[in-house]
Undergrad: 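The following block contains the structure, expressed as structure tokens.
Values below: all heavy atoms of this structure, side chains included; hydrogens, waters and symmetry mates excluded.
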Amino acid sequence: MTNKIDMERIFRSGFDSFQRNPWLTTASVVMMTLVLVLVGGLAFIHVTTEAMLASFSEKIDISVYIKSDTAETTVLRVREELTKLSEVKAVEYVSQNEALARFKDTHKDNALILNSLAELEKNPLQATLNIKARETGQFEKISEYLSSKNHPFIDKINFYENRLIIERLSAIAGGVRSIGIAVILLFALIAIIIAFNTIRLAIYSKREEIQIMKLVGASHWYIRGPFVVEGVLQGVISTLIALAFLFPIAWVVSPKLSLFISGFDLMQYFRDNIFIFSAMLLVAGTMLGVSSSMIAMRRYLKEV
């Protein structure tokens, strides 16, 4: 079991090795930082995409068009049935008169449309039930439920038009995530290779010392220790630099995203989750540094 003195020696040796090879250490830190910035960028993209989907979902609903001769009590009864479904978040009933009032308000600046409506003898718009689902994937089940009831007063359900839009948006979001993950894995591999070679050079420069430690019976963990410490230091420094880059990126991008996604503030999200975000990057950076050190040492110890 490694005692306290051994641990102190391991940490001291790791710090010394970290400072002794500034150019190689810098190369490893730069590549790790780039990987971590990409990890943080992917997290930003994921959060933004989810916020965009949520914002879009709030505006999407199933519109059930009711035939003009249907009694309002019948429609309200169906509305009550729908509110009891677990998939349904809310159901809004819009009468013919209210639909006409909304239409006129939307087109209040278009005199031609308003004059055309005034010439009609009856209201051309239909009453509707606007249904919001708890999740976008539940629209189909709600639509199937309504279709199975075969209500004679239902004229049309516009679910399929909305489903196409949702599926396309979800496909785009999935594609963005997949590409982001692939890019991160590529740079992570590059970072590990560079860190691996950095550690290998450091090991080579200390090969005589390592051989002597093996001859006197030093354990593999005692020999690996300083290089693991060096990898941890590289990971921690890379995390701090990555956070220093990501903070201004969030600050610059946040106002622009707010124009497209109502109620979403990336900078505020970054601030609210700074500890979780930092911990995620720290774990990723430390794993990159330690894994490259462990791989290099394991390979070297098998060779000597």
Undergrad: Step by step, would you call Phe44 with Phe270 a ring-ring contact (aromatic ring centres under 6.0 Å, His included)?
TA: CA-CA 9 Å; Phe44 285 166; Phe270 185 64; 5.6 Å; yes
Undergrad: Working note: Thr128 + Ile66, criterion side chain to side chain contact (heavy atoms under 4.5 Å, CB included); need CA distance, chi angles, decisive distance, verdict.
TA: CA-CA 6 Å; Thr128 58; Ile66 310 299; 5.8 Å; no
Undergrad: The test is side chain to side chain contact (heavy atoms under 4.5 Å, CB included); show your working for Asn130 and Ile62 and say whether it passes.
TA: CA-CA 6 Å; Asn130 299 325; Ile62 294 176; over 6 Å; no
Undergrad: Between Phe247 and Phe277 (judged by ring centroids, cut-off 6.0 Å), do the two rings come close enough to count as a pair?
TA: no
Undergrad: When you measure from the side chain of Ser278 to the backbone of Ile274, do you find a donor-acceptor pair of N or O atoms at a distance under 3.5 Å?
TA: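 Yes; at least one donor-acceptor contact below 3.5 Å.
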Undergrad: Tell me every residue that passes side chain to side chain contact (heavy atoms under 4.5 Å, CB included) with Asp272, counting only those two or more places apart in sequence or in another chain.
TA: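 Testing Asp272 for side chain to side chain contact (heavy atoms under 4.5 Å, CB included), a comparison that skips the adjacent residues, returns Gln268.
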Undergrad: Any side chain to side chain donor-acceptor pair (under 3.5 Å) involving residues 104-113? Give me the pairs, sequence neighbours left out, ordered by first then second residue.
TA: none
Undergrad: Testing the basics here: between Arg134 and Ser86, what is the closest heavy-atom pair and its distance to 0.1 Å?
TA: NE-O, 2.9 Å
Undergrad: For a quick test of reading the model, state the closest non-hydrogen atom pair linking Ala133 to Ile142 and the distance between them.
TA: CB-CD1, 3.8 Å
Undergrad: Answer yes or no: is there a donor N or O on one side and an acceptor on the other, between the side chain of Thr286 and the main chain of Val283, under 3.5 Å?
TA: no
Undergrad: Mind checking what makes side chain to side chain contact (heavy atoms under 4.5 Å, CB included) contact with Glu80, not counting sequence neighbours?
TA: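 Once residues adjacent in sequence are excluded, the partners of Glu80 under the side chain to side chain contact (heavy atoms under 4.5 Å, CB included) criterion are Thr83, Lys84.
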Undergrad: Return yes if some donor-acceptor pair links the side-chain N/O of Ser143 with the main-chain N/O of Phe139 below 3.5 Å, else return no.
TA: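 No; judged by distance alone, with no hydrogens or angles, the pair does not exist.
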Undergrad: ring-ring contact (aromatic ring centres under 6.0 Å, His included) with Phe245: which residues, sequence neighbours excluded?
TA: none
Undergrad: Taking side chain to side chain donor-acceptor pair (under 3.5 Å) as the test, write out the residues that go with Ser254, two or more places apart.
TA: Asp265
Undergrad: Might you work through the side chain to side chain contact (heavy atoms under 4.5 Å, CB included) test for Lys67 and Ile154, ending with a clear yes or no?
TA: CA-CA 6 Å; Lys67 293 180 179 178; Ile154 293 180; over 6 Å; no
Undergrad: Quick one: list whatever passes ring-ring contact (aromatic ring centres under 6.0 Å, His included) with Phe153, sequence neighbours left out.
TA: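 Partners of Phe153 under the ring-ring contact (aromatic ring centres under 6.0 Å, His included) test: His151.
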Undergrad: With no hydrogens and no angle check, do the side chains of Tyr93 and Glu72 hold a donor and an acceptor under 3.5 Å apart?
TA: yes
Undergrad: With Thr48, which residues qualify under side chain to side chain contact (heavy atoms under 4.5 Å, CB included), at least two apart?
TA: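 Result, side chain to side chain contact (heavy atoms under 4.5 Å, CB included) vs Thr48: Leu257, Ile261, Phe264, Leu266.
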Undergrad: Just jot down the salt bridge (charged side-chain N to carboxylate O under 4.0 Å, His left out) partners of Lys89, sequence neighbours excluded, or say none.
TA: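 For Lys89 the salt bridge (charged side-chain N to carboxylate O under 4.0 Å, His left out) partners, ignoring immediate neighbours, are Glu58.
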Undergrad: Please determine whether residues Val236 and Ile276 belong to a single hydrophobic cluster, defined as Ile, Leu, Val, Met, Phe, Trp and Tyr linked transitively by side-chain heavy-atom distances below 4.5 Å.
TA: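 Per the 4.5 Å side-chain linkage, Val236 and Ile276 are not co-clustered.
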Undergrad: Tell me whether Leu36 shares a hydrophobic cluster with Phe275, the cluster being built from Ile, Leu, Val, Met, Phe, Trp, Tyr side chains joined at under 4.5 Å.
TA: yes
Undergrad: Distance-only, no hydrogens or angles: does the Lys149 side chain make a donor-acceptor pair with backbone N or O of Glu144 under 3.5 Å?
TA: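 Between the backbone of Glu144 and the side chain of Lys149 there is no qualifying donor-acceptor contact (under 3.5 Å).
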Undergrad: Just to verify, what does Tyr65 make a ring-ring contact (aromatic ring centres under 6.0 Å, His included) with, not counting sequence neighbours?
TA: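 Partners of Tyr65 by the ring-ring contact (aromatic ring centres under 6.0 Å, His included) criterion come out as none, since no residue qualifies.
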Undergrad: Please find the pair of heavy atoms, one from Ile157 and one from Ser147, that lie closest to each other, and give the distance.
TA: CD1-OG, 4.2 Å
Undergrad: Going hydrophobic residue to hydrophobic residue with side-chain gaps under 4.5 angstrom, can you get from Leu246 over to Leu34?
TA: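 Same cluster: Leu246 reaches Leu34 through Ile, Leu, Val, Met, Phe, Trp or Tyr contacts under 4.5 Å.
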Undergrad: So, does Arg79 use its side chain to make a donor-acceptor pair with the main chain of Leu129 at under 3.5 Å?
TA: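 No.
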Undergrad: Quick one: ring-ring contact (aromatic ring centres under 6.0 Å, His included) partners of Tyr145, sequence neighbours excluded?
TA: none
Undergrad: Identify whether Val94 and Leu146 are in the same connected component of the hydrophobic contact network (ILVMFWY, side-chain heavy atoms under 4.5 Å).
TA: no
Undergrad: Please confirm whether the backbone N or O of Gln96 pairs with a side-chain atom of Asn123, one donor and one acceptor, at under 3.5 Å?
TA: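 Checking the backbone N and O of Gln96 against the side chain of Asn123, a donor-acceptor pair under 3.5 Å is found.
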Undergrad: Identify whether Leu281 and Val30 are in the same connected component of the hydrophobic contact network (ILVMFWY, side-chain heavy atoms under 4.5 Å).
TA: no
Undergrad: Glu87: which residues meet the salt bridge (charged side-chain N to carboxylate O under 4.0 Å, His left out) condition with it, sequence neighbours left out?
TA: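 Counting only residues at least two positions away or on another chain, Glu87 forms a salt bridge (charged side-chain N to carboxylate O under 4.0 Å, His left out) with Lys141.
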Undergrad: Would you check if Ile237 and Leu240 make a side-chain contact, meaning some heavy-atom pair closer than 4.5 Å?
TA: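 Not in contact.
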Undergrad: Going by side chain to side chain contact (heavy atoms under 4.5 Å, CB included), name the residues that satisfy it together with Ala111, two or more places apart in sequence or in a different chain.
TA: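 With neighbours one apart ignored, the set is Asn115.
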